[in-house]
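Contents: one structure, followed by commentary.
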Amino acid sequence: MNKYEKFVITINRELGSGGRTIGRKLAERLGVKYYDKAVIQGLTEKYGLTVEEIERLKAQKKQSWWSEMQEHYKSLLHSDYQEKPSTSAMFETERRILEGIANEESCVVAGRSGFLIFREWKNSLHVFIKASTEYRIERLMKKQGLTYAAALDTIDMVDEGREAYLKKYSDRSRYDARNYDMVLSMDGMTEDDAVAVIMEYVERKK
């Protein structure tokens with residue numbers, strides 16, 4: 001990956017591994033924007049986007065459909081738009097939003113099956129952040145005030161849900177190391193350590 005050209009870094013992570021924080025810190029270090037589930041869903045709802053509307057804007061052959069969409073839908077910032085698309089429609093909409101963003105600017109994408117969406121992207125880096133179950137439980141107990149049992153139940157539920165979500169749209173497992181350029185285990189590491197490791201890899205890949 002060449003950081004001096006337009007690039008995408010995807011961060012897939014296990015709940016409780018600190019991957020989201022790593023993604024944000026990495027984006028800050030690189031001076032680019034960070035996108036995750038909350039950001040993308042917020043953009044989708046904020047602008048009332050559908051796949052059809054994205055295609056309409058792109059069909060106008062605007063130099064920047066993403067910027068055009070943002071400008072055109074500023075009026076929706078304070079609207080009561082509440083339409084909830086289906087899961088499949090949401091996946092496709094989010095995919096096209098992310099592709100539109102990545103076509104215009106370098107970015108770090110956490111989750112949202114980023115490694116799948118950008119698997120053929122020329123200038124990209126795909127990272128998986130993992131940790132032992134005990135590490136994840138301890139972090140969730142501290143961050144969310146959960147009991148040990150509740151933290152373990154939450155981890156099991158989220159792991160199962162994320163794997164099922166990916167399998168719905170592909171034949172891949174999120175745990176397959178072949179999906180990634182780098183797999184980091186957080187046991188014995190801080191989030192800043194992880195960012196430093198990724199940055200060193202980026203620097204070596206000029």
Side-chain angles (χ1 to χ4, degrees), residues 1-47 49 54 57-58 62-74 76-77 90-131 143 162 165-166 174 177 179-186 189-206:
M1 192 200 88
N2 185 347
K3 72 174 185 177
Y4 299 106
E5 296 178 359
K6 197 178 301 176
F7 65 82
V8 177
I9 297 178
T10 68
I11 306 288
N12 203 21
R13 78 279 185 205
E14 293 183 313
L15 179 69
S17 67
R20 182 175 297 172
T21 301
I22 291 167
R24 284 199 301 266
K25 289 188 173 186
L26 181 63
E28 290 173 2
R29 283 282 300 273
L30 290 166
V32 301
K33 290 184 180 179
Y34 166 82
Y35 296 94
D36 63 10
K37 175 180 179 179
V39 175
I40 297 303
Q41 285 187 343
L43 289 171
T44 303
E45 294 174 4
K46 171 179 172 181
Y47 295 111
L49 288 175
I54 290 172
L57 289 168
K58 290 170 70 174
K62 298 288 185 179
Q63 182 175 4
S64 172
W65 76 266
W66 172 245
S67 298
E68 172 70 12
M69 183 277 296
Q70 288 180 303
E71 187 66 28
H72 185 66
Y73 284 95
K74 280 182 179 178
L76 290 176
L77 283 172
M90 179 66 80
F91 177 85
E92 185 64 14
T93 298
E94 290 177 352
R95 180 180 72 80
R96 299 197 190 194
I97 289 175
L98 286 172
E99 288 177 345
I101 292 170
N103 273 318
E104 296 189 22
E105 63 184 20
S106 295
C107 58
V108 174
V109 177
R112 314 321 298 149
S113 301
F115 75 88
L116 179 64
I117 293 170
F118 295 109
R119 66 185 183 278
E120 303 296 336
W121 216 254
K122 182 179 179 181
N123 196 31
S124 62
L125 174 66
H126 307 293
V127 182
F128 184 67
I129 307 295
K130 63 183 289 293
K143 293 284 186 180
R162 287 178 175 175
Y165 181 83
L166 180 61
R174 62 196 294 268
N179 294 322
Y180 313 103
D181 302 296
M182 178 184 294
V183 177
L184 290 179
S185 176
M186 292 303 296
M189 293 182 68
T190 67
E191 291 149 354
D192 288 334
D193 290 337
V195 172
V197 171
I198 298 170
M199 285 297 299
E200 181 179 359
Y201 183 87
V202 169
E203 294 294 343
R204 288 170 179 262
K205 297 293 285 185
K206 293 179 182 178

Query - side chain to side chain contact (heavy atoms under 4.5 Å, CB included), paired with Phe7, selected from Leu30, Leu125, Val202 - result: Leu30
When you measure from the side chain of [X] to the backbone N and O of [Y], does any donor-acceptor pair fall under 3.5 Å?
X	Y	answer
Lys6	Ala102	no
Asn12	Gly111	no
Glu14	Ala131	yes

Quick check for you: to the nearest 0.5 Å, what is the distance between [X] atom [atom1] and [Y] atom [atom2]?
X	Y	atom1	atom2	result
Trp121	Leu98	CH2	CG	9.5 Å
Leu184	Glu191	CG	CD	12.5 Å
Lys130	Tyr180	NZ	OH	12.0 Å
Lys33	Glu28	NZ	CD	14.0 Å
Ile198	Ile22	CD1	CD1	6.0 Å
Met182	Phe128	CE	CZ	14.0 Å

Requested in this report: Just do the salt bridge (charged side-chain N to carboxylate O under 4.0 Å, His left out) check on Glu203 and Lys3 with the steps written out, would you?
Outcome: CA-CA 8 Å; Glu203 294 294 343; Lys3 72 174 185 177; 2.5 Å; yes
Report task. Could you give me the CA-CA distance, side-chain angles and deciding distance for Ile11 and Ile129, then say whether side-chain contact (heavy atoms from CB on, under 4.5 Å) is met? Result -> CA-CA 7 Å; Ile11 306 288; Ile129 307 295; 3.9 Å; yes
Could you tell me whether the side chain of [Y] reaches within less than 4.5 Å of the side chain of [X], counting heavy atoms only?
X	Y	result
Val127	Thr10	no
Val108	Tyr35	no
Phe115	Leu166	yes
Glu105	Val32	no
Asn123	Val8	no

Query raised in the report: Is it true that Glu200 and Arg204 make a salt bridge, defined as a side-chain N closer than 4.0 Å to a carboxylate O?
Result: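 Salt bridge present between Glu200 and Arg204.
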Report task. Identify, with sequence neighbours excluded, every residue that meets side-chain contact (heavy atoms from CB on, under 4.5 Å) alongside Arg162. Result ->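 Applying side-chain contact (heavy atoms from CB on, under 4.5 Å) to Arg162 gives Arg13, Leu15, Val158, Arg174.
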Query - Phe118 to Ser124 - nearest heavy-atom pair and separation - result: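 Smallest heavy-atom distance, with atoms named: O-OG, 3.9 Å.
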Query raised in the report: Where is the tightest heavy-atom contact between Thr190 and Met186, given as atom of each residue plus distance?
Result: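 Thr190 and Met186 have their closest heavy atoms at O-CE, 3.4 Å.
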